[in-house]
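Being a predicted model, the structure only gives us computed values, none of them experimental.
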Amino acid sequence: MNFTALWRLLRILHIFVRYRLDQLLLDLPLPWYGRLLLKIGPWRLRPAPRALSRGARLRRAFEDLGPVFIKFGQILSTRRDLMPDDIALELAFLQDKVPPFAPEVARARIEEQLGLPIETVFARFSDQPLASASVAQVHAATLHDGSEVVVKVTRPDIAPVIHQDMQWLYLCARTLEKVSSEGRRLRPVEVVRDYESTIFDELDLHREAANASQLRRNFEGSELLYIPKVYWEWCKPRVMVMERISGVPVTNLEALHDQRTDMKKLAERGVEIFFTQVFRDSFFHADMHPGNIFVSRAHPWEPQYIAIDFGIVGSLTPQDQSYLARNLLAFFKRDYRRVAQLHIDSGWVPADTRVNEFEAAIRSVCEPIFERPLRDISFGQLLLRLFQTARRFNMEIQPQLVLLQKTLLNIEGLGRQLYPDLDLWSTAQPYLERWMRERAMPHQHMHHWQEYIEQVPGLLADAKQALHNLAEQPNRTPLRNRPVGPAAQPVRRDNPVALRLIGLVLALAGASGLGSDYNLWQHAEPLYWLLVASGGWLVLRRPG
């Protein structure tokens, strides 16, 4: 351990004592020696800040510890399936409002990355940052062709700080898992690992630029969402240049009303954007907090969103898309057994889960919610409660589902802020039903044919070799026992019984795939028909 790491540890301990975070640990079922240590430690000499709740104390501690812990607090606030509600709500107030670094440092870093003087690249560059966040800050600039842009540059020397802080976070997480059963339930090591991946991804501005380009392509010409242009010639791993947008911050309700924005349509379009990204594109902006969303000043009667900051995106597999859509539609119909069975079929809960018990648990969570008017039901909170219930049945929350839940909570909260009477259910249900119908249409499967055709030669070669080996197996005779001379007979290379048995297995596998609701939604019908045809041919062919 070097001196810098030791000094950082002392700083963390000082903040720990200052906000009496030991009292938060006492709420956990710690072993006797852990509770004894917390009760006799010297930190008890310092009084707790009584004016602050436990969540507020944790938030203030993260703010004092700097950018890495601020971002960690934001990640924790999204883990509503793991964190107590009061702490998660308090951590949600953490904002990327950290002191900016010096303008000369920003200039030097930009010039180092671009390999050119600032004046060569930009006709104008503002030293005063527009915004300062945990890992980067943004400056306004103008290109020589007159294009207004923003320049995002990462903080200097932040990677070593992140590495250092991550080691201490891992140490705390592993210790918590060892000494507390409740700590193990919270899976702190997994949370820290997810955070480590997220924050290092955000340091790579090339990745963020690629995310922005993908989203812009997905919504090219859309009236719903505008994504700023990326100037790739000036993008490097630590510097990104994008089109500067001009819009009304989505939280500025007064300005939105002044320009006579259709607030109902604005709220509904936010929901439509979310479901379009998740189900049409399987690529969604997963950091849709209000600070990253603006509304265009053009045609407020047909309001258009503008999004920025694309460091965190999520995606779903076709399996997750299908199961999520069918789960939501089953919720609309209050078909709780269907919801329980879908969770088991998808592997979200163990296969040995009792469907009846899981169904009863889901019903106990959902029925009180559905007794309220639809417009008063929180879609995101329902999904959150479902995940919390499923955790009792050993459901493993996958990272993409956590991002989805976080994004949905953000979108729904924003929609209700814009238009309190937003009925997210009636907005979402027609979209989901239409998406499910379109998935079943034959033309939706055509673009998968090339993929299937490319797989056929390899599959046929493997099948041919396997059949050849199996057909030869029963007729192989050791060389020393084989007759020679005129008595020798040619070795038969065809075993019709074995081939027909294999054909029957292939045909049954294909038929079961075609009959499975799950596989039908995975665009795999051609492959199953191929199995049925191949198996039928092997069964019906005349032995040669």
Side-chain angles (χ1 to χ4, degrees), residues 62-71 73-74 93-159 161-162 199 202-206 208-209 211-212 226-252 254-256 287-297 305-312:
F62 284 155
E63 289 175 343
D64 288 356
L65 286 170
V68 175
F69 282 84
I70 289 174
K71 179 64 71 174
Q74 292 175 333
F93 289 109
L94 282 172
Q95 300 294 328
D96 285 339
K97 302 295 184 184
V98 296
F101 50 91
E104 57 271 19
V105 176
R107 280 178 167 266
R109 190 160 179 78
I110 293 169
E111 291 180 344
E112 172 198 358
Q113 286 288 301
L114 299 183
L116 293 169
I118 288 281
E119 293 74 15
T120 303
V121 181
F122 305 108
R124 182 186 64 83
F125 180 86
S126 174
D127 286 330
Q128 182 66 30
L130 291 173
S132 180
S134 303
V135 298
Q137 69 185 32
V138 177
H139 294 259
T142 305
L143 296 176
H144 286 289
D145 64 2
S147 300
E148 296 290 330
V149 298
V150 292
V151 184
K152 187 172 185 178
V153 54
T154 60
R155 291 180 172 272
D157 303 321
I158 192 172
V161 175
I162 294 175
I199 195 167
E202 288 195 68
L203 284 178
D204 185 355
L205 296 186
H206 246 155
E208 180 175 345
N211 293 339
Y226 182 81
I227 305 296
K229 175 184 176 182
V230 175
Y231 290 86
W232 276 106
E233 61 270 32
W234 305 121
C235 289
K236 301 295 179 182
R238 300 293 176 259
V239 171
M240 181 175 71
V241 178
M242 293 186 67
E243 171 189 1
R244 184 176 183 181
I245 56 96
S246 175
V248 180
V250 75
T251 53
N252 192 343
E254 183 179 354
L256 291 175
D287 199 15
M288 294 285 279
H289 64 74
N292 288 339
I293 307 174
F294 298 81
V295 179
S296 172
R297 290 188 170 89
Y305 284 93
I306 306 172
I308 61 172
D309 196 350
F310 311 99
I312 306 176

[X] side chain to [Y] backbone, donor-acceptor under 3.5 Å:
X: Asp287; Y: Asn292; result: no
X: Glu111; Y: Pro117; result: no
X: Arg238; Y: Val153; result: no

Verify the distance criterion only: is there a donor paired with an acceptor across the side chains of Arg109 and Thr154 at less than 3.5 Å? yes
Which atom pair, heavy atoms only, marks the closest approach of [X] to [Y]?
X: Ala307; Y: Pro228; result: O-CD, 3.2 Å
X: Ser132; Y: Arg155; result: OG-NH2, 3.0 Å
X: Thr142; Y: Val149; result: N-CG2, 4.3 Å
X: Gly311; Y: Glu202; result: O-CG, 4.3 Å
X: His139; Y: Ser126; result: ND1-O, 2.9 Å
X: Met242; Y: Ala212; result: CE-CB, 4.1 Å

Within this structure, what is the [atom1]-[atom2] distance for the pair [X] and [Y], rounded to the nearest 0.5 Å?
X: Phe122; Y: Leu143; atom1: CZ; atom2: CG; result: 6.0 Å
X: Thr251; Y: Leu256; atom1: OG1; atom2: CG; result: 8.5 Å
X: Gln137; Y: Lys152; atom1: CD; atom2: NZ; result: 11.5 Å
X: Ile245; Y: Ile306; atom1: CD1; atom2: CD1; result: 5.0 Å

Side-chain heavy atoms of [X] within contact of [Y], under 4.5 Å:
X: Met240; Y: Gln113; result: no
X: Pro103; Y: Phe125; result: no
X: Val161; Y: Asp157; result: no
X: Tyr226; Y: Ser296; result: no
X: Ile227; Y: Phe310; result: yes

Has Glu104 got more than 12 heavy atoms of other residues, nucleotides or ligands less than 6.0 Å from its CD? yes
As a quick check of understanding, evaluate side chain to side chain contact (heavy atoms under 4.5 Å, CB included) for Val250 and Tyr305, giving each step before the final call. CA-CA 9 Å; Val250 75; Tyr305 284 93; 4.3 Å; yes
Walk me through whether Val150 and Arg244 qualify under side chain to side chain contact (heavy atoms under 4.5 Å, CB included). CA-CA 5 Å; Val150 292; Arg244 184 176 183 181; 3.8 Å; yes
Evaluate side chain to side chain contact (heavy atoms under 4.5 Å, CB included) for Asp127 paired with Arg107, printing each intermediate quantity in order. CA-CA 8 Å; Asp127 286 330; Arg107 280 178 167 266; 2.8 Å; yes
May I have the step-by-step check of side chain to side chain contact (heavy atoms under 4.5 Å, CB included) for Ile162 and Leu203, ending in yes or no? CA-CA 10 Å; Ile162 294 175; Leu203 284 178; 3.7 Å; yes
